[in-house]
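Residue numbers begin at 1 in each chain, while the letters A, B, ... track the order of the sequences. What's counted below: heavy atoms across the whole structure, side chains too, no hydrogens, waters or symmetry copies.
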2 protein chains.
Amino acid sequence: MQAKPSSKSVNPGSAEDASGLRMTRQRQGVYRVLLAERDHPTANDVFMRVKDKLPHISLATVYNCLEVLVEHRLVRQVNFEREPSRYCPNLEEHGHFHDQHTGVIHDVKFKPGVQLGDVLDLPSGAVIEDVEINLRGQLSLA
Amino acid sequence: MQAKPSSKSVNPGSAEDASGLRMTRQRQGVYRVLLAERDHPTANDVFMRVKDKLPHISLATVYNCLEVLVEHRLVRQVNFEREPSRYCPNLEEHGHFHDQHTGVIHDVKFKPGVQLGDVLDLPSGAVIEDVEINLRGQLSLA
DNA sequence: GAATCAATTTAGAATAATTCTTGCTATTGG
DNA sequence: CCAATAGCAAGAATTATTCTAAATTGATTC
Ligand SMILES: [Mn+2]
Ligand SMILES: [Mn+2]
Ligand SMILES: [Zn+2]
Ligand SMILES: [Zn+2]
């Protein structure tokens with residue numbers, strides 16, 4: 001259990017979001033990199049990109065920032081097979097299509113009104129916290 | 001390119017399946033372990049179980065066997081987050097539900113007649129080779 | 001059955017993404 | 001300003017998996 005430091009007024013003048021995330025320069029930088037190009041970069045990709053703005057940032061910090069952004073649900077972590085994790089700022093529920101020809105990962109929207117239970121034979125009493133849909137294939141030009 | 005050794009008759013007396021997989025003692029043992037308990041064991045789980053029958057088998061061999069069984073589609077590899085890979089002998093198309101309370105992974109069937117394209121807004125021209133659906137949550141007794 | 005020779009197995013080393021440790025710095029609230 | 005807490009950086013550690021190299025197996029041919 002964690003004793004939260006008492007703050008009477010709601011963080012006056014502090015750069016925290018509603019959930020108490022402190023938006024440091026590094027977290028800001030990492031988050032901006034993710035928003036800038038929505039191409040699902042790896043931690044190392046993010047590291048290389050964020051160095052432009054923050055030349056002294058470390059890879060460990062990039063991992064820390066990504067972790068905290070994921071925990072606070074500003075970003076989603078995407079895992080394909082056993083490849084390095086990728087990160088995605090798209091907060092709508094969506095899946096991913098990995099084009100194995102180009103290597104590009106595309107967001108895939110759910111059709112409106114579709115319920116998981118319409119599609120899958122869920123164990124009775126299952127409370128789903130997280131859904132992950134990953135597709136692999138190719139884009140044929142035809 | 002691989003020159004296949006010429007065999008006039010179709011492998012008389014050899015223990016190969018149709019696709020040319022040689023069913024060695026080790027591969028047999030690994031495969032049997034997977035069929036015996038359909039609980040999605042890790043490579044290391046398989047290693048520990050198969051040792052009963054093959055005390056000299058190595059972990060590297062278990063990995064090799066699993067890889068070749070996956071390539072030959074006798075077994076599926078299941079990845080949750082960044083946890084160790086798990087292996088599943090259920091060849092029907094299905095998803096997985098990870099009960100985070102018990103740690104058990106349940107197979108989840110697709111409802112009959114459901115097409116991926118009914119549910120997802122696939123990129124046009126996408127040819128899907130592989131579908132992976134992973135759910136995380138809990139089973140409430142209610 | 002023996003010779004051949006590629007496929008397989010094994011033990012151990014190597015790899016690589018990620019996590020951990022530790023000492024330092026920055027920020028917060030008082 | 002002070003004390004407490006949170007965050008950062010550098011490098012070490014972890015660990016699932018893959019690789020290497022040498023020994024073994026076993027299918028095919030003689
Ligand atoms: Mn890729
Ligand atoms: Mn688990
Ligand atoms: Zn995405
Ligand atoms: Zn399964």
Any side-chain N or O of [X] less than 4.0 Å from the OP1 or OP2 oxygen of [N]?
X     : N      : value
B:Y63 : D:dT18 : no
A:Q26 : C:dA26 : no
A:S85 : C:dA17 : no
B:T24 : D:dT25 : no
B:T61 : C:dT8  : no
B:R25 : D:dT25 : no

| query | For B:N64, which contact category applies under a 4.0 Å heavy-atom criterion: base, sugar-phosphate, or nothing? | reply | base

| task | Scan B:T42 against the nucleic acid and name what it touches under 4.0 Å (heavy atoms): base, sugar-phosphate only, or nothing. | result |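 Counting heavy atoms under 4.0 Å across all strands, no contact is made by B:T42.
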
Tell me the interatomic distance from [X], atom [atom1], to [N], atom [atom2], rounded to whole angstroms.
X     : N      : atom1 : atom2 : answer
B:E67 : D:dT18 : CD    : P     : 6 Å
A:L21 : C:dT27 : CG    : C1'   : 14 Å
B:R27 : D:dG26 : CZ    : P     : 12 Å
A:D45 : C:dA16 : CG    : C1'   : 15 Å
B:Q28 : D:dG26 : CD    : C1'   : 16 Å
B:R22 : D:dT24 : CZ    : P     : 17 Å
B:H56 : C:dG12 : NE2   : C1'   : 18 Å
A:K51 : D:dC8  : NZ    : C1'   : 16 Å

| query | Between B:D39 and B:R49, is there a salt bridge with N-O shorter than 4.0 Å? | reply | yes

| field | Presence of salt bridge, B:E81 and B:R136, under 4.0 angstrom | value | yes

| field | Upstream residue (5' side of DNA chain C) when B:S58 and B:R82 are each assigned their closest nucleotide | value | B:S58

| request: Among A:L34, A:L35, A:L91, A:N90, find the one that has a side chain to side chain contact (heavy atoms under 4.5 Å, CB included) with A:V75. | output: A:L34

| query | Nearest of C:dA11, D:dC8, C:dT18 to any side-chain atom of B:A60? | reply |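 Taking heavy atoms from C-beta onward, the closest nucleotide is C:dA11.
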
| query | A:S85 and A:Q77: side-chain donor and acceptor closer than 3.5 Å? | reply | yes

| request: Answer yes if the side chains of A:H40 and A:D107 hold a donor-acceptor pair under 3.5 Å, and no otherwise. | output: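 A:H40 vs A:D107: donor-acceptor pair found between side chains.
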
| remark: Ranking B:P84 and A:V68 by the position along DNA chain D of their nearest nucleotide, the one closer to 5' is A:V68

